Visitor: 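Have a look at this one.
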Amino acid sequence: MTHIPLAAPQGPADGVAGWAADLVDTMGGPGAGLAIALENLFPPLPSEVILPLTGFAAGRGAIGLLSALLWTTLGSVVGALALYGIGALIGRDRIYALWHRLPLVKTSDLERTEAWFAAHGTKAVLLGRMVPIFRSLISIPAGLEQMRLPVFLALTTLGSLLWNSALVLAGYWLGEQWDLVEGYVGILSKAVAGLVVLTVAVWLAVRVREGRRARYAKHRREP
């Protein structure tokens with residue numbers, strides 16, 4: 001199949017899509033892997049643009065389909081490993097020391113989170129690789145809790161392969177309409193972000209109310 005440059009007039013020309021297209025045109029599969037590794041480290045770079053575009057590139061002969069899947073999955077794992085390393089470097093003791101200085105939080109909150117991760121960490125890492133926003137963030141608590149590295153690598157590789165395959169193949173099959181994937185995954189990303197914001201807002205409201213009740217009770221006990 002003839003290699004048609006993605007930067008051609010009918011291809012993506014600017015923004016994240018143009019940047020990713022240039023990487024793939026210049027470096028081939030490793031360029032796609034680099035783009036996804038950076039997407040893991042900087043979540044504002046959207047995988048819903050980079051992965052379908054990589055599939056589109058495979059459909060046009062810029063890279064092979066298997067190469068696209070291999071390099072994007074490798075890039076995901078490398079990016080996740082970097083975040084795992086950051087979590088491990090920060091360490092549990094530093095997190096607790098920082099947590100004690102934060103307003104509106106309790107040590108018991110962090111302890112419950114640790115207990116939950118100890119019980120469900122493997123599922124969280126695997127499924128988290130397929131959820132926008134959490135794709136990157138889930139690697140940090142895995143490092144903090146020092147999940148065994150072989151287990152982390154296996155779960156991250158499998159979860160990344162499933163997510164990447166779905167979006168790369170969608171771009172491959174959609175061809176010139178690869179950008180439709182961004183719209184559908186973007187809706188999911190916004191829904192997840194909205195749920196996170198709502199959860200945090202409810203949690204903050206509960207904490208503020210508990211603080212007011214505690215101050216009121218203390219005031220009543222004072223002579």
Side-chain angles (χ1 to χ4, degrees), residues 1 3-4 6 11-12 16-17 19-84 121-139 142 147 149-193:
M1 186 178 293
H3 173 193
I4 303 173
L6 293 180
V16 173
W19 167 76
D22 287 340
L23 277 178
V24 175
D25 275 338
T26 304
M27 302 173 61
L34 175 60
I36 286 299
L38 292 174
E39 177 266 334
N40 276 260
L41 294 171
F42 305 101
L45 291 175
S47 63
E48 61 265 30
V49 171
I50 298 170
L51 291 171
L53 174 62
T54 302
F56 173 52
R60 298 182 67 176
I63 56 176
L65 181 58
L66 289 179
S67 177
L69 295 173
L70 171 65
W71 282 104
T72 55
T73 299
L74 180 60
S76 294
V77 173
V78 169
L81 268 175
L83 293 172
Y84 176 96
T122 53
K123 289 178 285 190
V125 170
L126 176 62
L127 298 177
R129 294 302 305 172
M130 294 176 275
V131 179
I133 299 175
F134 291 102
R135 295 186 68 248
S136 298
L137 299 180
I138 194 60
S139 301
M147 173 181 279
L149 192 56
V151 174
F152 174 77
L153 284 174
L155 294 170
T156 298
T157 300
L158 178 57
S160 299
L161 179 60
L162 292 172
W163 174 262
N164 293 357
S165 296
L167 270 65
V168 168
L169 290 173
Y172 183 83
W173 289 324
L174 286 170
E176 296 284 347
Q177 295 182 302
W178 64 269
D179 55 338
L180 291 177
V181 180
E182 179 186 2
Y184 290 111
V185 179
I187 293 172
L188 176 60
S189 298
K190 290 175 182 176
V192 171

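Hydrogens, waters and symmetry mates play no part in the numbers below; they use all other heavy atoms, side chains included. Just so you know, these numbers come straight off a predicted model, no measurement behind them.
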Visitor: For F152 and L81: C-alpha separation, side-chain torsions, deciding distance, then whether side chain to side chain contact (heavy atoms under 4.5 Å, CB included) applies.
Guide: CA-CA 9 Å; F152 174 77; L81 268 175; 4.3 Å; yes
Visitor: Are side-chain heavy atoms of L23 and L34 found at a separation under 4.5 Å?
Guide: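 Side chain of L23 against side chain of L34, heavy atoms only: contact under 4.5 Å found.
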Visitor: Measuring from atom CG of L169 to atom OH of Y172, what distance do you get when rounded to the nearest 0.5 angstrom?
Guide: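 Here the rounded value is 9.0 Å.
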Visitor: Could you report the tightest heavy-atom contact between A68 and T54, atom names first, then the distance?
Guide: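 Smallest interatomic distance, heavy atoms only, reads CB-CG2, 3.6 Å.
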Visitor: Which distance, rounded to the nearest 0.5 Å, do you find between the CG of L167 and the CG of L162?
Guide: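 L167 CG to L162 CG: 12.0 Å, rounded to 0.5 Å.
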Visitor: For a side chain to side chain contact (heavy atoms under 4.5 Å, CB included) check, start with the C-alpha distance between V78 and I36, then their side-chain angles and the critical distance, and finish with the verdict.
Guide: CA-CA 9 Å; V78 169; I36 286 299; over 6 Å; no
Visitor: Looking only at heavy atoms, which two atoms of M130 and L126 are closest? And how far apart?
Guide: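 The pair with the smallest heavy-atom distance is CE-O, 3.5 Å.
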Visitor: For residues A82 and L41, report the shortest heavy-atom separation together with the two atoms involved.
Guide: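 Looking at all heavy atoms of both residues, the shortest contact is CB-CD2, 3.6 Å.
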Visitor: Where is the tightest heavy-atom contact between L155 and M147, given as atom of each residue plus distance?
Guide: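 Closest approach of L155 to M147: CD1-SD, 4.4 Å.
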Visitor: Run the side chain to side chain contact (heavy atoms under 4.5 Å, CB included) test on I138 and T156 for me, step by step, so that the C-alpha distance in whole Å, both residues' side-chain angles and the decisive distance to 0.1 Å come before the verdict.
Guide: CA-CA 10 Å; I138 194 60; T156 298; over 6 Å; no
Visitor: Once rounded to the nearest 0.5 Å, what's the spacing between atom OG of S165 and atom CG of L69?
Guide: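 It comes to 4.5 Å.
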Visitor: Can you tell me how far apart CG (L161) and CG (L70) are? Round to the nearest 0.5 Å.
Guide: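 Rounded to the nearest 0.5 Å, the CG-CG separation comes out at 9.5 Å.
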Visitor: Let me confirm one number: the CG-CG distance from L137 to N40, rounded to the nearest 0.5 Å.
Guide: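 L137 CG to N40 CG: 10.5 Å, rounded to 0.5 Å.
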Visitor: In terms of side-chain heavy atoms, does R129 have a donor or acceptor partner in N164 at a distance below 3.5 Å?
Guide: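 Note: R129 and N164 side chains miss the donor-acceptor criterion.
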